[in-house]
2 protein chains.
Amino acid sequence: MDTIPKKTFFNLDSEKQQRITDAALNEFALRSYEEANISNIIKDAKIPRGSFYQYFENKLDLYKYVFDYIKEKKMNFLGNDLKNIDDLPFLEIFRLLYHQGVKFSYTYPLFVQIGKHMFNLKKDMYDELVGNGLKLAKEYYVGYLEADKLKGRIREDVDSSIFADIVIELTTNIALEGFLESDIDLDKMVSKADSLINIFKKGIEKGDLNV
Amino acid sequence: MDTIPKKTFFNLDSEKQQRITDAALNEFALRSYEEANISNIIKDAKIPRGSFYQYFENKLDLYKYVFDYIKEKKMNFLGNDLKNIDDLPFLEIFRLLYHQGVKFSYTYPLFVQIGKHMFNLKKDMYDELVGNGLKLAKEYYVGYLEADKLKGRIREDVDSSIFADIVIELTTNIALEGFLESDIDLDKMVSKADSLINIFKKGIEKGDLNV
DNA sequence: TGATAATGTGACAAGGTAGTCATATAGGAG
DNA sequence: CTCCTATATGACTACCTTGTCACATTATCA
């Protein structure tokens, strides 16, 4: 409850709030946190300099707000799909999440750009904002993988921690990469995900009996 | 042969060249291209401002020089191992490259930082500097994978292009991630790679006969 | 209506950066 | 030794950015 934005921001009529939010999203999509500059944002949002500092302490304050804004959008987007999961195998959960993740990126291309810049935050800030989320995701994945092992779905010699890392890496990065190309094809990305999952299932090697 | 540094730079005695190179490496490791600033570099290298502009056109010129410097170091590092490759399966080549890549990152931690910042270059610049290398790597991988398919080593339904993407993604990123943790353990990273390769070989699913 | 609090506003100070340029110095050729 | 060229140097210009602050405007409530 530190400073993230001052209450004055939320007192604004929603049109103005949105104008400012959009301007900030645009700026942080175009430039990294360090490069982003407030002058562009206030020009875009058509508010005077002084007003900006009435709504936000400084650039960090604004960035945290934007980060939370995106996080909430994503939660809403993924939330619904995570409800009716009975006892799917890990890779089917992954498929669901991946598909929804792709759709999310497709729906909010700006957020993809902002996400890309996030990798360049200074370590402290990255850890504060992103680190915990990734840690939770990994714990969730590892737990799920271990459970699947007990159910005899996954080979015992598969290292859950490493596989979880791979999965996280690919969901956070490859999905982003796909959206940097000029021709974004949703179906193609989804089918790519399916090929990927198939590789994870069976491996690439031919003619072996898995033990 | 544009501008990359002016010949005056190479006329300097090697101690001064190295001082400047080191200062630049440090700055680009600490800050992204856009954030990096020349004042820090000349202060570090203990050269006057005017001299800097006698050696380099501008920041971009310097950055390209640094990029080439790193590329050459890496080529030398990997080059030797790529010589005596007879007819190894793809994943064994990958294992070799991964192991050497890990050692390289371990040897030059500064380069890892610089590499991380590379993902935030503006698209044009990224494509110019990095894009072609990745394209070549992918072509090489895809060719190798297809050849292995013909030799009956890899299942026909594995999508070579997608698998190549995964492999590139993991080599460019996961390797970097490992080095951001405070406790760098070479053996641990190598054994992680081996687990990873094992997953790629057999997949994670239990009890199926691969066709 | 009048007073008090909240918010809007933009000029401004303080600080920092890139690249230039006039001048000083050193090096080399004849 | 002298002239000419290459290099060294740092003060300086032009520019940009952040955050502040005194003052203007609007809302709230008695």
Phosphate-side-chain proximity, [X] and [N], N/O vs OP1/OP2 below 4.0 Å:
| X | N | result |
| --- | --- | --- |
| A:N11 | C:dA6 | no |
| A:Y55 | C:dG8 | yes |
| A:S51 | C:dT9 | yes |

Handout entry: Presence of salt bridge, B:K64 and B:E57, under 4.0 angstrom
Key =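 Between B:K64 and B:E57 there is no salt bridge, as every charged N stays at least 4.0 Å from the carboxylate O atoms.
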Problem - Residues B:D157 and A:K202 bridged, charged N to O under 4.0 Å - result: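 Here B:D157 does not pair with A:K202 in a salt bridge, since their nearest N and O are not under 4.0 Å apart.
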Exercise for the section: Answer yes or no: side-chain N or O of B:R49 and base N or O of C:dA18 forming a donor-acceptor pair under 3.5 Å. Expected result: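 Counting by modelled atom types and ignoring angles, a donor-acceptor contact under 3.5 Å is found here.
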Whole-Å distance between [N] [atom2] and [X] [atom1]?
| X | N | atom1 | atom2 | answer |
| --- | --- | --- | --- | --- |
| B:E34 | C:dA18 | CD | P | 11 Å |
| A:K43 | D:dT17 | NZ | C1' | 12 Å |
| B:N58 | C:dT20 | CG | C1' | 13 Å |
| B:K46 | D:dG10 | NZ | P | 14 Å |
| B:E35 | D:dT18 | CD | C1' | 16 Å |
| A:F9 | C:dT7 | CZ | P | 14 Å |
| B:I20 | D:dT7 | CD1 | C1' | 13 Å |
| A:L62 | D:dT17 | CG | P | 16 Å |

Practice task
Indicate, with a heavy-atom threshold strictly under 4.0 Å, whether B:S39 touches base, sugar-phosphate, or nothing.
Solution key: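 The answer is sugar-phosphate, as B:S39 gets under 4.0 Å only of primed atoms, P, OP1 or OP2.
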Exercise for the section: May I ask you to say what A:L12 touches in the nucleic acid, namely base, sugar-phosphate or nothing, with a heavy-atom cut-off under 4.0 Å? Expected result: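 Since only primed, P, OP1 and OP2 atoms lie under 4.0 Å of A:L12, the category is sugar-phosphate.
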Problem - Whether B:F56 and B:F9 hold their rings parallel, tilted or perpendicular, with breakpoints at 30° and 60° - result: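 It falls in the tilted class, 30° to 60°.
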Problem - Closest nucleotide among D:dT9, C:dG8, D:dG19 to the A:I38 side chain - result: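 My answer, after comparing the listed nucleotides, is D:dG19.
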Exercise for the section: Could you please name the option among D:dT20, C:dG8, D:dT7 that lies closest to any side-chain atom of B:Q54? Expected result: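 Among D:dT20, C:dG8, D:dT7, the one nearest the side chain of B:Q54 is D:dT7.
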Practice task
Could you check A:G50 against A:N37 and say which one's nearest nucleotide on DNA chain D is further toward the 5' end?
Solution key: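 Its nucleotide being nearer the 5' end, the pick is A:N37.
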Problem - Any donor-acceptor N or O pair under 3.5 Å, side chains A:S160, A:Y144 - result: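 No, no side-chain donor-acceptor pair sits under 3.5 Å.
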Practice task
Using atom types as modelled and distance alone, determine if a side-chain donor or acceptor of A:D159 lies under 3.5 Å from a backbone N or O of B:S195.
Solution key: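 Here the side-chain-to-backbone pair does not exist.
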